[in-house]
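Worksheet: one structure, shown below.
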Amino acid sequence: MAAAGGEAAAGGALWAEVRALLPGAEEALTLALSGEVEECVPPLLRRARALLYGAGGPPRGRAATALRRLGDVLRDYSWEKLNAAPWRDVGKAWRQVYAYGCLFGALAEAAGGGPLAPAVRLCDMGLLMGASVLDNVLARLVRVLQAHLPRGQPRAAPAGSAQRVRVDPPPTPVIQPEDAVPHLHCPSLEHFRDNYLIPQKPVVLEGIIDHWPCMTKWSVDYFCQVAGCRTVPVELGSRYTDEEWSQKLMTVNDFISQYIVNEKVWGHFLQIPSTPATSPLPWLDKQIPELKQDISIPDYCCLGEGEEDDITINAWFGPEGTISPLHQDPQQNFLAQVFGRKYIRLYSPQDSENLYPHESHILHNTSQVDVEDPDLIKFPNFRNAASQSCILMPGQVLFIPVKYWHYVRSLDISFSVSFWWS
Ligand SMILES: O=C(O)CCC(=O)C(=O)O
Ligand SMILES: [Fe+2]
């Protein structure tokens with residue numbers, strides 16, 4: 001009895017915190033949308049709102065079941081709209097309906113007093129695929145839910161890993177001094193601007209991120225602890241040009257246990273040096289602000305003309321052997337290495353014709369050449385392309401000028417953060 005009473009009290013505390021995120025009165029939750037949706041949708045939203053406020057406490061029993069179902073219907077209906085057109089053409093109102101579907105579903109789960117992982121997943125889906133509603137309530141709700149989850153455990157070694165045959169990693173490339181990207185320690189803004197930004201020359205900057213909290217805090221275990229239960233977008237496949245490459249949503253814990261901890265096993269079975277990678281999608285920014293607090297925007301970005309809010313921050317977390325094929329991006333880039341090492345090869349945009357970009361529009365920014373094993377019969381001019389290379393070490397930041405071609409291979413389990421700026 002005592003235990004049940006304790007659980008009820010804990011559930012009550014959770015509901016009180018959840019409820020405090022929502023307006024006090026039913027009409028104050030306006031359900032405003034930024035555009036038109038089909039006329040059957042607003043009554044569904046209002047019905048869900050009435051169920052939420054009607055009980056005076058957490059919806060229970062039939063009210064909870066009805067709220068959960070309405071959440072399902074709102075998500076299913078808007079999901080079809082989200083997938084019926086290219087992403088940029090999907091109306092914001094439909095993404096808001098999807099977010100409301102996630103919100104009502106997550107609230108029904110939280111009210112039910114059961115495990116909270118499904119509610120966390122719904123919040124993440126809404127954050128990833130929906131548009132912000134009620135002053136970004138899903139981000140605030142997931143923080144509350146996470147605080148009530150048991151804190152993630154450091155990962156255990158995979159069962160039987162000690163007996164498995166380990167594959168030797170491919171050798172670390174040797175870089176000739178004449179091909180090495182220059183290194184600079186904390187240059188002044190002017191020196192960087194005049195010698196690297198204006199002439200568009202790559203450089204490795206040292207000493208500029210040593211004070212970032214991520215440098216001491218972040219590790220695979222730390223991610224399991226702060227974000228293990230969070231659903232994030234992941235890219236699976238050794239390189240995005242491969243046929244079997246795909247994107248998937250999965251929890252950080254699942255990604256780590258399947259693709260980071262077991263990566264040597266993969267390498268052994270598949271006899272390939274490279275294994276799956278995580279995503280460049282903005283989950284760091286949107287979903288897990290705890291991690292974003294541990295980094296900052298490099299001061300040198302102020303030399304650009306764009307606004308700080310327009311800087312795109314990408315997180316790259318993957319096992320040893322993950323490859324980003326040779327490609328170019330439309331903005332300047334600071335690629336900051338937090339842990340692990342990366343081998344990076346760079347080619348000037350002036351060499352583009354020697355790099356054989358794919359012909360299709362979608363892969364036009366990607367070279368067809370496998371730079372570490374080029375087919376010189378198929379791509380003979382590749383031998384005329386001049387490259388620079390570096391092994392990016394933890395604490396170093398590589399400046400990649402806009403449109404500069406870059407090829408990246410992780411030499412260890414690696415985490416990098418890139419800042420795309422203009
Ligand atoms: O680190 C990687 O694998 C790729 C990084 C990259 O392409 C970028 O930051 O633009
Ligand atoms: Fe890139």
Side-chain angles (χ1 to χ4, degrees), residues 1 3-82 91-149:
M1 281 310 279
E7 272 170 33
L14 168 65
W15 186 254
E17 281 179 60
V18 166
R19 193 61 192 74
L21 303 172
L22 302 169
E26 185 172 339
E27 320 75 65
L29 201 163
T30 60
L31 298 170
L33 300 175
S34 319
E36 292 289 303
V37 291
E38 280 157 32
E39 61 186 23
C40 60
V41 172
L44 295 173
L45 289 168
R46 287 195 292 273
R47 171 101 189 97
R49 178 181 64 180
L51 287 164
L52 192 59
Y53 283 79
R60 299 252 187 245
R62 283 162 63 174
T65 306
L67 184 62
R68 189 178 283 118
R69 291 221 177 108
L70 278 166
D72 293 345
V73 171
L74 288 164
R75 287 197 308 283
D76 287 352
Y77 203 77
S78 51
W79 186 251
E80 299 235 329
K81 307 286 175 188
L82 263 47
K92 187 171 174 195
W94 281 113
R95 294 202 288 126
Q96 290 170 321
V97 172
Y98 185 79
Y100 274 120
C102 294
L103 174 66
F104 292 130
L107 291 171
E109 295 292 341
L116 293 180
V120 170
R121 186 180 157 78
L122 284 170
C123 291
D124 280 327
M125 291 303 293
L127 286 167
L128 286 166
M129 310 303 291
S132 173
V133 291
L134 298 172
D135 193 19
N136 211 7
V137 69
L138 288 172
R140 293 181 290 125
L141 176 57
V142 79
R143 287 186 88 99
V144 168
L145 296 172
Q146 249 194 300
H148 283 261
L149 278 175

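Numbers for residues simply follow the sequence, beginning at 1. The figures that follow rest on heavy atoms only: side chains count, while hydrogens, waters and symmetry mates do not.
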| Among all residues two or more places apart in sequence or in another chain, which pass the salt bridge (charged side-chain N to carboxylate O under 4.0 Å, His left out) test with Asp72? |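 Salt bridge (charged side-chain N to carboxylate O under 4.0 Å, His left out) check on Asp72 returns Arg75.
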
As an exercise, state the distance from [atom1] of [X] to [atom2] of [Y], rounded to the nearest 0.5 Å.
X	Y	atom1	atom2	value
Leu103	Leu74	CG	CG	10.5 Å
Tyr53	Arg19	OH	CZ	4.5 Å
Leu21	Asn136	CG	CG	11.5 Å
Leu33	Tyr100	CG	OH	6.5 Å

Can you give me the closest heavy-atom contact between [X] and [Y], atom names plus distance?
X	Y	value
Val133	Ala99	CG2-CB, 4.0 Å
Ala139	Val142	O-CG1, 3.3 Å
Ala106	Leu141	CB-CD2, 4.0 Å
Val144	Leu14	CG1-CD1, 3.9 Å
Leu51	Ala66	CD1-CB, 3.7 Å
Ala64	Ala108	O-CB, 3.9 Å

| request: Any pair with a residue in residues 60-70 that passes side chain to side chain donor-acceptor pair (under 3.5 Å), sequence neighbours left out, goes on the list, sorted by first then second residue, please. | output: Arg68-Glu109

| For Ser34, which residues count as a side chain to side chain contact (heavy atoms under 4.5 Å, CB included) partner, sequence neighbours excluded? |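 Scan of Ser34 (side chain to side chain contact (heavy atoms under 4.5 Å, CB included), adjacent residues dropped) gives Lys92, Gln96.
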
Cut-off 3.5 Å, no hydrogens considered: what does the side-chain donor-acceptor table look like for residues 117-130, sequence neighbours left out?
from   : atom 1 : to     : atom 2 : distance (Å)
Asp124 : OD1    : Arg230 : NE     : 3.1
Asp124 : OD1    : Arg230 : NH2    : 2.6
Asp124 : OD1    : Gln287 : NE2    : 2.8
Asp124 : OD2    : Arg230 : NE     : 3.0
Asp124 : OD2    : Thr231 : N      : 2.9

| query | Can you find a heavy atom in the side chain of Phe104 that is under 4.5 Å from one in the side chain of Pro59? | reply | no

Table please: side-chain donor-acceptor pairs of residues 35-49 below 3.5 Å, with sequence neighbours left out.
from  : atom 1 : to    : atom 2 : distance (Å)
Glu38 : OE1    : Tyr77 : OH     : 2.3
Glu38 : OE2    : Lys81 : NZ     : 2.5
Arg49 : NH1    : Leu29 : O      : 2.7

